[in-house]
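Okay, so here's the structure we're looking at.
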Amino acid sequence: MFKRILIANRGEIAVRIIRACRELGIESVAVYSDADRAALHVREADHAYPVGPAPAAQSYLNTAKILEAAKSSKADAVHPGYGFFSERAAFARSVQRAGLTWIGPPPDAIERMGDKVEARKLMSAAGVAVVPGSPGTLETEAEVAAIAKKIGFPIMVKAAAGGGGKGLRFVENDKDLASVVRTVSSEAKSSFGDGRFYVEKFLKQPRHIEVQVLADMHGNIVHVFERECSIQRRHQKVVEESPSPFITAKMRAEMGEVAVRAAKAVNYVSAGTIEFLVDAERNFYFLEMNTRIQVEHPVTELVTGVDLVRAQIEIAAGAKLPFKQKDLTQRGWAIECRIYAEDPAAGFTPAPGKIETLRFPDGPGVRNDAGVYAGAEVPVFYDPIISKLVVWGADREQAIDRMRRALGEFVISGDLRTNLDFHRWIMTNPRFLKGDFDTYFIDREYHPNQNGAAPRGAELAAIFLAAIAADKNPNHRNGAGAQPVAVARASAWRSIGRFEMLRR
Ligand code: MV4
């Protein structure tokens with residue numbers, strides 16, 4: 001096993017990885033920019049190395065500085081977390097060339113899944129359904145028009161190098177076609193240095209449902225069920241849950257099998273996620289693969305008992321997966337709210353600053369993965385995440401009740417604003433309570449009041465009470481398509497055995 005892991009990241013995910021290291025008896029090495037000298041991850045790690053000025057390009061994205069810190073600290077492996085270097089194949093290769101272990105997928109898998117068109121072709125060839133559209137990249141408006149004629153409007157024009165909502169345009173009819181094609185192509189060229197694009201049929205009422213997979217170096221691959229991630233704002237996830245209230249047990253099994261097939265097709269190793277777009281008729285299509293640990297991984301951990309970060313570390317050390325597919329079950333329901341220093345009253349602009357008083361929620365079923373403490377600063381330079389508030393309940397109703405209760409306990413004051421009231425609003429929205437939503441939920445349902453603020457205080461209380469009063473049928477709150485999960489099977493709730501370690 002590793003002796004010392006360098007964590008090429010900051011904030012809550014760095015703290016999460018430090019915790020996994022400590023539980024495994026591995027020393028952790030933090031890196032920090034000038035803006036993060038007093039950050040929680042620096043305080044929590046066993047060792048810490050400065051890597052440069054506050055802007056990420058000069059510190060957390062500075063390959064030479066990070067590798068130098070790994071060398072000075074005598075680390076034997078590097079964990080990239082999410083964001084930053086996590087999906088940069090070139091960085092992963094540099095880590096390996098420096099004689100260190102990369103705690104992540106093979107660089108070739110990162111690269112192949114990073115090209116959305118190559119990924120689409122590869123998945124089609126592997127028998128994984130992709131959204132109907134162009135087989136490869138297109139060059140001209142005439143080619144787009146021909147595809148559109150075949151599959152029908154509306155369509156989506158997507159940049160090959162895009163992903164996560166970048167380089168993406170909706171086209172209603174052939175009138176808008178020419179201008180959209182030009183815009184996508186020129187924007188993709190300037191943002192990604194790659195103007196290639198492809199076309200898909202637009203799926204109405206789409207849901208974003210993703211499947212977590214884990215693969216070891218010995219050819220064993222399992223899926224760890226799904227996460228429902230449709231509650232997004234400008235392609236940023238806001239609330240995630242597992243199970244999805246929308247899918248049936250049969251679909252869950254099929255999506256899991258397809259996700260494993262997708263991962264096998266790129267010889268995947270480590271933790272990864274297959275994203276699906278699911279339409280109103282419950283057809284599901286491959287969208288993208290994320291070749292990293294994801295922000296929302298805790299909801300999977302809470303319903304399956306699998307420690308995904310620990311699994312990544314043990315897999316990178318050469319361990320075999322200690323379980324088979326049949327050993328894995330979902331138990332109960334988990335929901336995550338991403339708590340951000342941002343101002344819903346000002347169009348969700350980042351509103352970071354110094355935290356004065358802070359009370360984190362706790363109690364039954366509550367997990368709060370935070371990157372800050374009272375007196376700490378949420379820096380202006382990075383993603384202004386404060387914490388991920390995650391709850392577990394025996395069913396969706398209890399999980400929502402607990403999330404409301406936990407959001408009520410959360411107190412934060414100081415020179416910053418938060419989206420706590422926005423989450424309190426979501427947790428009282430009748431559509432959300434019924435599990436009746438798609439990726440356009442926030443656009444459709446969130447109408448800030450006159451001064452643009454999220455409802456709060458008495459106004460929020462009134463919405464809250466009305467939502468509960470309107471919700472007479474308790475079954476509704478589990479979502480129309482919700483399947484009972486294995487809540488009653490106490491035997492399923494045993495801890496997953498330790499990995500059998502192999503000599504490196
Ligand atoms: C789509 C779609 C509908 N039809 N593709 C947005 C992010 C990118 N990864 C894919 N996205 C979408 N692709 C087709 N053919 C709707 C979206 C979409 C979306 C997808 C996932 C999560 C949130 C979303 C919000 C708006 C649109």
Side-chain angles (χ1 to χ4, degrees), residues 82-83 87 113-121 123-124 128-138 144 147-148 150-173 176-177 180-181 183-184 187-188 191-192 196-211 226-242 244 246-247 255 262 272-292 294-296 336 338 348 426 431-432 437-446:
Y82 54 71
E87 294 182 282
M113 286 300 191
D115 182 325
K116 304 305 157 195
V117 175
E118 201 200 332
R120 238 173 100 80
K121 285 186 191 162
M123 291 301 109
S124 283
V128 172
V130 300
V131 185
S134 57
T137 51
L138 304 176
V144 179
I147 297 279
K150 209 169 80 189
I151 62 177
F153 283 103
I155 58 167
M156 290 292 251
V157 182
K158 300 186 173 189
K166 281 174 281 179
L168 184 79
R169 282 283 192 297
F170 172 81
V171 191
E172 178 84 70
N173 53 48
D176 311 334
L177 198 67
V180 170
V181 166
T183 315
V184 171
E187 277 180 9
S191 330
F192 316 118
R196 292 173 308 133
F197 59 87
Y198 62 104
V199 166
E200 285 178 3
K201 184 170 179 60
F202 177 74
L203 297 185
K204 294 196 178 91
Q205 296 173 46
R207 286 192 171 237
H208 171 132
I209 302 176
E210 58 187 32
V211 176
E226 83 283 4
R227 292 184 288 260
E228 165 67 68
C229 304
S230 299
I231 308 287
Q232 306 204 1
R233 205 193 139 270
R234 305 241 169 115
H235 306 297
Q236 295 289 327
K237 292 169 188 154
V238 176
V239 174
E240 305 96 344
E241 58 184 300
S242 185
S244 165
F246 189 63
I247 72 173
M255 290 174 82
T273 299
I274 313 293
E275 293 184 356
F276 294 103
L277 217 47
V278 183
D279 70 14
E281 284 79 48
R282 293 192 167 81
N283 300 304
F284 61 90
Y285 304 97
F286 172 86
L287 196 57
E288 297 178 11
M289 181 171 188
N290 299 317
T291 54
R292 60 169 191 275
Q294 287 189 267
V295 176
E296 60 272 24
E336 170 176 285
R338 298 192 186 187
F348 296 89
I426 294 172
R431 287 237 152 84
F432 176 78
F437 50 75
D438 61 30
T439 62
Y440 298 98
F441 168 81
I442 291 173
D443 300 332
R444 214 178 283 125
E445 292 284 315
Y446 184 64

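Every value quoted in this text rests on a predicted model; they were computed, and no experiment measured them. Atoms within each ligand, like the ligands themselves, are counted from 1 in listed order.
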Review point. Relative to the heavy atoms of Tyr440, which atoms of ligand 1 are at a distance of less than 4.0 Å?
Key: 16 (C), 26 (C), 27 (C)

**Study point:** Tyr198 versus Ala159, closest heavy-atom pair with distance
**Key:** CE2-O, 3.8 Å

Practice item. Output the list of atoms in ligand 1 that are nearer than 4.0 Å to some heavy atom of Lys201, sorted by atom number. Key: 4 (N), 14 (C), 15 (N)

Point to revise | Short side-chain donor-acceptor distance under 3.5 Å, Gln294 and Thr273 | key: yes

Exercise for review: Verify salt bridge (Lys or Arg N to Asp or Glu O under 4.0 Å) between Glu288 and Lys158, making sure each step is shown before the conclusion.
Suggested key: CA-CA 12 Å; Glu288 297 178 11; Lys158 300 186 173 189; over 6 Å; no

Point to revise | Heteroatom proximity flag, Glu200 to ligand 1, N/O under 3.5 Å | key: yes

Review point. Can you list the ligand 1 atoms lying under 4.0 Å from a non-hydrogen atom of Gln232?
Key: 22 (C), 23 (C)

Exercise for review: Kindly write out the residues that satisfy side-chain hydrogen bond (donor to acceptor under 3.5 Å, both in side chains) with Tyr82, not counting sequence neighbours, or none if the list is empty.
Suggested key: Glu12

Study note, to complete from the structure: Within 4.0 Å of some non-hydrogen atom of Leu277, the atoms of ligand 1 are 1 (C), 2 (C), 3 (C), 4 (N), 5 (N), 13 (N), 14 (C), 20 (C)

Point to revise | For Leu168, atoms of ligand 1 separated by under 4.0 Å from a heavy atom | key: 6 (C), 7 (C), 11 (N)

Review point. Should Lys158 be counted as touching ligand 1, given the test is an N or O pair under 3.5 Å?
Key: yes

Exercise for review: State which residue, out of Arg207, Lys204, Arg444, fulfils the side chain to side chain donor-acceptor pair (under 3.5 Å) condition with Asp438.
Suggested key: Arg444

Practice item. For Glu288, take its heavy atoms, then give the atoms of ligand 1 lying under 4.0 Å from any of them. Key: 9 (N)

Check your understanding: Which atoms from ligand 1 have a heavy atom of Val131 less than 4.0 Å away?
Key -> 15 (N)

**Study point:** salt bridge (Lys or Arg N to Asp or Glu O under 4.0 Å) assessment of Lys121 paired with Asp115
**Key:** CA-CA 10 Å; Lys121 285 186 191 162; Asp115 182 325; over 6 Å; no

Review point. Who are the side-chain hydrogen bond (donor to acceptor under 3.5 Å, both in side chains) partners of Thr291, not counting sequence neighbours?
Key: Glu87

Review point. Are side-chain N/O atoms of Arg338 and Gln236 paired as donor and acceptor at under 3.5 Å?
Key: no

Review point. Any nitrogen or oxygen of Leu203, main chain or side chain, under 3.5 Å from a nitrogen or oxygen of ligand 1?
Key: yes

Practice item. State the atoms of ligand 1, each with its element, that fall below the 4.0 Å cut-off from a heavy-atom position in His208. Key: 21 (C), 22 (C)

Point to revise | Option set Met156, Glu275, Arg233, criterion heavy-atom distance to atom 16 (C) of ligand 1, minimum | key: Met156

